[in-house]
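Just below is one structure, and these are the notes that go with it.
Just so it is clear, the structure is predicted and the values come from calculations on it, not from any experiment.
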Amino acid sequence: MYKKRRIKKKIIFLGVGILLIVALIITGIKLFTHFTSNEYKLTEIGYNEKEVNNILKLDDTYINYALNNKYDDDLIPLTKEKWFVWTKYDEYKKYIKNIQKQPTTKEIDYQDIVTKVNTKTNYKYYTHTKKTNMNLGNAILVNKYYKLPEKYAPNDVVDIPTTYAFAGNQARKEVFEAFKQMADAARSDGITLIINSGYRTYEYQKNLYDNYEKANGKEYADSYAARPDFSEHQSGLALDIVTYGMTMDNFENTDTYKWLIKNCTDYGFILRYPKGKEEITGYAYESWHYRYVGKSLAKKIEKSGLTFDEYYAYYLNKE
Ligand SMILES: [Zn+2]
């Protein structure tokens, strides 16, 4: 009887002991998992609960970045941007730092940061310039960052008859053919399209720029004319289109302009410098300046609602 009770007691002790050990092991594992969890590590780095939840929803690349770097309050807002590109992360950060140094900065506009870095407009115009990729044919980008090959001159330039342009104008053959079709269609709608300026040679652009510079300095010249090799007109793919008896500044109020905006992509042209996009294109709004890119690309660009500079960066020449 006595022996039996002792055995019973032993069994109880053993049972309780095992339970305790199991409980300890479970707690240990739980603590271990907690302290080694990404959630814990991110909290330790300085992210709050909301930020941690947001980071854990991102791809592994971003989670690893967050785990292996100091607290970064730009990470979540940047990755949320539609056109965010991970390979440009350092550039975004550098640009943000530069902006924050300026005394006028209040809040960081992440959409603006991403757009400008993607289109290289975070740099001052004409610095960090690069030769444009000529293999892209009608889709080449020429702006204050991407330049044409030195003293570039297309080899298929044609004279434009005065029924379609003011005297002395030229354009690349394909561009003029497209314009001709467009102008004829416009004419049957009672609209007259006239080319005010088409292809401009390197020498012409250089003279134009130099004269502005001589008169009032580089800054002034840059705000009125493109530098030689940086002008779309030198590519032979751009046309300034107006109508008779109208100044450039008034052009946007004409029926001709309305017709062009509605129909130009059907013939392969896009409005190159839209309103409100000055900081991306590098040019003030020009209701008269159209760029030939070919029909299918013109349609795609129109549908995207992007400037050509942005479309180029996202779809045509990712780098
Ligand atoms: Zn122009």
Side-chain angles (χ1 to χ4, degrees), residues 138 140-144 154 157-172 174-187 189-201 204-205 207-209 212 221-228 230-295 297-298 301-302 305-309 311:
N138 291 333
I140 56 166
L141 177 63
V142 182
N143 59 18
K144 290 173 178 175
V157 165
V158 294
D159 292 326
I160 305 172
T162 47
T163 18
Y164 294 102
F166 290 115
N169 270 300
Q170 296 179 310
R172 289 185 63 182
E174 187 183 341
V175 180
F176 173 57
E177 292 299 329
F179 176 80
K180 208 169 140 188
Q181 278 187 26
M182 180 165 75
D184 292 345
R187 200 158 291 175
D189 287 344
I191 297 286
T192 309
L193 304 179
I194 283 290
I195 297 169
N196 187 43
S197 181
Y199 167 61
R200 292 182 201 154
T201 63
Y204 178 95
Q205 197 65 31
N207 255 328
L208 187 75
Y209 183 86
Y212 278 125
D222 280 337
S223 61
Y224 282 93
R227 294 187 188 177
F230 290 89
S231 171
E232 259 198 346
H233 284 284
Q234 194 185 324
S235 74
L237 297 169
L239 299 174
D240 290 342
I241 304 170
V242 291
T243 192
Y244 289 120
M246 187 53 58
T247 62
M248 305 282 250
D249 292 335
N250 271 325
F251 185 60
E252 71 165 308
N253 304 316
T254 61
D255 288 341
T256 313
Y257 171 74
K258 277 178 209 138
W259 191 95
L260 265 175
I261 286 300
K262 202 174 150 212
N263 298 290
C264 69
T265 56
D266 287 344
Y267 301 91
F269 291 91
I270 54 162
L271 179 77
R272 183 64 181 85
Y273 307 125
K275 218 177 239 178
K277 303 285 180 181
E278 292 80 0
E279 285 188 32
I280 299 166
T281 63
Y283 287 90
Y285 167 55
E286 289 189 357
S287 56
W288 57 86
H289 183 110
Y290 294 82
R291 162 66 193 273
Y292 182 74
V293 289
K295 222 181 275 182
L297 184 55
I301 296 170
E302 183 184 40
L306 298 165
T307 60
F308 183 51
D309 310 76
Y311 194 90

Please lay out, stage by stage, how T192 and T256 fare under the test side chain to side chain contact (heavy atoms under 4.5 Å, CB included). CA-CA 7 Å; T192 309; T256 313; over 6 Å; no

Would I194 and M246 count as a side chain to side chain contact (heavy atoms under 4.5 Å, CB included) if you check the C-alpha gap in whole Å, the side-chain angles of each, and the deciding distance to 0.1 Å? CA-CA 11 Å; I194 283 290; M246 187 53 58; over 6 Å; no

Starting from the C-alpha separation in whole Å, work towards a yes-or-no answer on side chain to side chain contact (heavy atoms under 4.5 Å, CB included) for T243 and I191. CA-CA 8 Å; T243 192; I191 297 286; 6.0 Å; no

Check the pair L239, Y292 against side chain to side chain contact (heavy atoms under 4.5 Å, CB included), reporting the backbone distance first and the verdict last. CA-CA 8 Å; L239 299 174; Y292 182 74; over 6 Å; no

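Atom-to-atom distance recorded for S231:OG and L208:CG is 8.5 Å, nearest 0.5 angstrom. Once rounded to the nearest 0.5 Å, the distance linking CG of D266 with CE of M182 reads 10.0 Å. Interatomic distance, NZ of K258 versus NZ of K262, reported as 12.0 Å (0.5 Å rounding). F230 CZ to Q205 CD: the interatomic distance, rounded to the nearest 0.5 Å, is 11.5 Å. From F308, atom CZ reaches atom CG of N143 across 9.0 Å, with rounding to the nearest 0.5 Å. If you take CD on E286 and OG1 on T281, they are separated by 8.5 Å, rounding to the nearest 0.5 Å.
What you find for P274 and R272 is that their closest heavy atoms are CD-O, 3.3 Å. Here the closest heavy-atom approach between residue V142 and residue E232 is recorded as O-CG, 3.7 Å. In plain terms, the two heavy atoms of E174 and N138 that are nearest each other are OE2-ND2, 3.1 Å. Among all heavy-atom pairs drawn from S197 and H233, the shortest one is O-CE1, 3.6 Å. Of all heavy-atom pairs between E252 and Y257, the closest is O-CD2, 3.2 Å. Minimum heavy-atom separation, T265 to A298: CG2-O, 3.6 Å.
No option in I195, D184, I160 other than I195 meets the side-chain contact (heavy atoms from CB on, under 4.5 Å) test with F179.
For the pair K180 and Y267, the cation does not sit on the ring face, since its NZ or CZ is not both under 6.0 Å from the ring centre and inside 45° of the axis. A cation-pi arrangement, defined by a distance under 6.0 Å to the six-membered ring centre and an angle within 45 degrees of its axis, is absent between R227 and Y212.
Taking the side chain as every heavy atom from C-beta outward, K277 and D309 never approach each other to under 4.5 Å. Between Q170 and F176, every side-chain heavy-atom pair lies at or beyond the 4.5 Å cut-off. Annotation: side chain of R172 is in contact with side chain of L237 (closest heavy-atom distance under 4.5 Å).
Taking the six-membered ring where the residue is Trp, the centroids of F269 and Y290 are separated by 6.0 Å or more.
Proximity of a side-chain donor or acceptor of T254 to a complementary backbone N or O of F251 within less than 3.5 Å is detected. Looking only at distances, no side-chain donor or acceptor of T162 sits under 3.5 Å from a matching main-chain atom of A167. A distance-only check finds a donor-acceptor pair linking the side chain of N169 to the backbone of F166 [under 3.5 Å].
By the 6.0 Å contact criterion, OH on Y285 is enclosed, its count of non-hydrogen atoms from other residues, nucleotides or ligands being greater than 12. Counting non-hydrogen atoms of neighbouring residues, nucleotides and ligands closer than 6.0 angstrom, the CD atom of E278 exceeds 12 such neighbours.
In this model, a donor atom of one side chain and an acceptor atom of the other lie less than 3.5 Å apart for D222 and Y209. Between W259 and D189, the side chains place a donor N or O and an acceptor N or O closer than 3.5 Å (distance only, hydrogens not considered).
Between R200 and D240, at least one side-chain nitrogen of the basic residue sits less than 4.0 Å from a carboxylate oxygen of the acidic one, meeting the salt-bridge criterion.
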